[in-house]
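Read the structure below first, then the notes.
Convention: sequence-line order gives letters A, B, ...; per-chain numbering from 1.
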Amino acid sequence: MPELPEVETVRRGLMRLVGGATIDHVDVIYEKMVSPAPAEFKKRLAGATIDLIERRGKYLLFRFSNGYTMVSHLRMEGKYDVQPEGAPLTKHTHVVFHLTDNRELRYTDTRKFGRMNLVEDGDEMQVAGLKTIGPEPTETTLTFDYMKRIFNKSKKVIKPFLLDQSNIAGLGNIYVDEVLWMTRIHPEQPVNTLTDFQIRLLRDNILKELAKAIDGHGTTVHSFSTAFGEAGQFQNQLNVYGREGEPCVRCGAELQKTKVAQRGTHFCPRCQKLKKKPSKTVVLGLTGGIATGKSSVSAVFHDRDIPVIDADQIAREVVEPDSPALSEIAATFGQTMLQPDGTLNRRKLGQHVFNDEDELAKLNAITSPAIHKAVKKRVAAYRRKRTPLVVFDAPTLFEGDYAYDVDVIMVVALDTATQLARLMARDKMSETDARSRINSQLPLAEKVNVADIVVDNSGPIDKTKAQVVKWLNKMQLV
DNA sequence: CTCTATGCCTGGGAGC
DNA sequence: TGCTCCCAGGCATAGA
């Protein structure tokens, strides 16, 4: 199923292999595949040189020296490959372009869905499909203003809306599921209910995902006889597509598969909730690894008077004297866990649960729901006030199961060597101790993988802060 | 005009 | 094992 990145890879491969080649004659085996009818199609192409191969959306445009352009769409399973003249035909080869250099450019398509349309230069945009095609998904051609305009005026649900090539060119079933998961949008969310921030994040994710996929495929076409269809394998990792029943890599919930507008649709029922009216408040989950420098990033928000909800502070607040959680701790672990003044004896409790998984789990079962509840309450208050941006600063954003409930995740990261050196210097630790501390956490790479924004803190602090500010500006959050 | 359902095709997997 | 049925999905088009 070639989508834009695969078609682009085919274009690049073909350009290298047959760019400049001249067609001697053409065999059309499956007549319905070409237009105009085979006799005229063949006549127009005899002696034509392939000057250039361009792409628009998922359409390939072969520019010939004699004033014709061939619009070719691979649909589901179309493939081009180049063989030496006379090599045996395969079962599903439908068109063969015999080149003057003893090679053949072949079009193969098991399901015969692909089409080739040969028209005069300048008429290519009149071909069905290209006539109504939407903007290319690039930084300059797919603008936020355009997206906002088309999203606001439609009541359609987002999945079929994004599949419609007249809205945005190039997205297919796989990438739509991926970008919706990345942006945490339910596939049946009506497009006119999205907030500006969601549209911005979606735009960013479309551009990012397609660029990543093109990069990933760029190196796959090598040899003379490589079937370009092989470049259509999706080497870049997919987070939801085809993963129904597996845990969501962001929140751990079981991924589901349903049908939306007759299309198989994959999504995370926990991260991608259908919302009556998406909230205008953006909750940014901020996390990192030990000694990655999260607090200096947090300071950027403090300095700008952006509210920061501190998970560690809330963890302390929920066990203050007279709190239900503290009473439960006393009831479970004994009154000796309290100081004479009624406050929690943290040291003693810490020693008690240290290295005892069962006891630690008991403690978490008491504190975790209380912390979650308190966080939700704080967030709800900011939503009511329509505060545009709230930061939830949580070292255990993933481990503590908060990731499903934030709108966007920022991970502060650095390379392992720098992280190790900083931890050793900061906490006066031996290398062995520092290593084991780092290894006891969820690997930073896994956090980075599901982050919306990764802030690289391996350089000077000014550079780190500049990255945060740049992103905030880009997303119009400040 | 918009919106939805269906046809185009074949191979492969599930179920019997 | 072999048979039937259904699903995969981009896009055009027919119909509401």
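For B:dC9, one of the phosphate oxygens OP1 or OP2 lies less than 4.0 angstrom from a side-chain nitrogen or oxygen of A:Lys32. The side chain of A:Lys112 contributes an N or O atom lying less than 4.0 Å from OP1 or OP2 of B:dT10. Proximity of A:Tyr59 to the phosphate of C:dG10: no side-chain N or O atom is located under 4.0 Å from OP1 or OP2. Side-chain N/O atoms of A:His73 include none lying less than 4.0 angstrom from OP1 or OP2 on C:dA12. Under 4.0 angstrom from either OP1 or OP2 of B:dT4 there lies no side-chain N or O belonging to A:Gln262. An OP1 or OP2 oxygen of C:dA8 is reached within less than 4.0 angstrom by a side-chain nitrogen or oxygen of A:Lys257.
For A:Met76, whose side chain is taken as the heavy atoms from C-beta onward, the closest listed nucleotide among B:dG11, C:dG10, C:dA12 is C:dG10. You'll find that the side chain of A:Tyr30 is closest to B:dC9, out of B:dA5, B:dC9, C:dC11. Distances were taken from every side-chain heavy atom of A:His92 (C-beta onward) to each of B:dC9, B:dG11, C:dC11; the shortest belongs to B:dG11. Ranking B:dC9, B:dT6, C:dA12 by closeness to the A:Ala128 side chain, first place goes to C:dA12.
If you measure from atom CD1 of A:Ile150 to atom C1' of B:dC3, you get 16 Å, rounded to the nearest angstrom. One atom, NZ of A:Lys259, and another, P of C:dC7, lie 5 Å apart when rounded to the nearest Å.
The side-chain heavy atoms of A:Arg243 and A:Trp181, taken from C-beta on, include no pair separated by under 4.5 Å. Here the side chains of A:Val469 and A:Val478 are not in contact, with every heavy-atom distance at 4.5 Å or above.
Put simply, A:Phe113 does not rest on the base of C:dC11: the two rings are not both less than 5.5 Å apart at their centres and under 30° in tilt.
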Exercise for the section: Go through the steps for A:Val96 and A:Gln83 under the test side-chain contact (heavy atoms from CB on, under 4.5 Å), then give the verdict. Expected result: CA-CA 10 Å; A:Val96 181; A:Gln83 298 289 340; over 6 Å; no
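Under a cut-off of 6.0 angstrom, the local environment of NZ in A:Lys280 is sparse, with at most 12 non-hydrogen atoms contributed by other residues, nucleotides or ligands.
Between A:Phe151 and A:Phe161, the ring-plane angle classifies as perpendicular under the 30° and 60° cut-offs.
Within the nucleic acid shown, A:Lys155 has no heavy atom closer than 4.0 Å to any nucleic acid atom.
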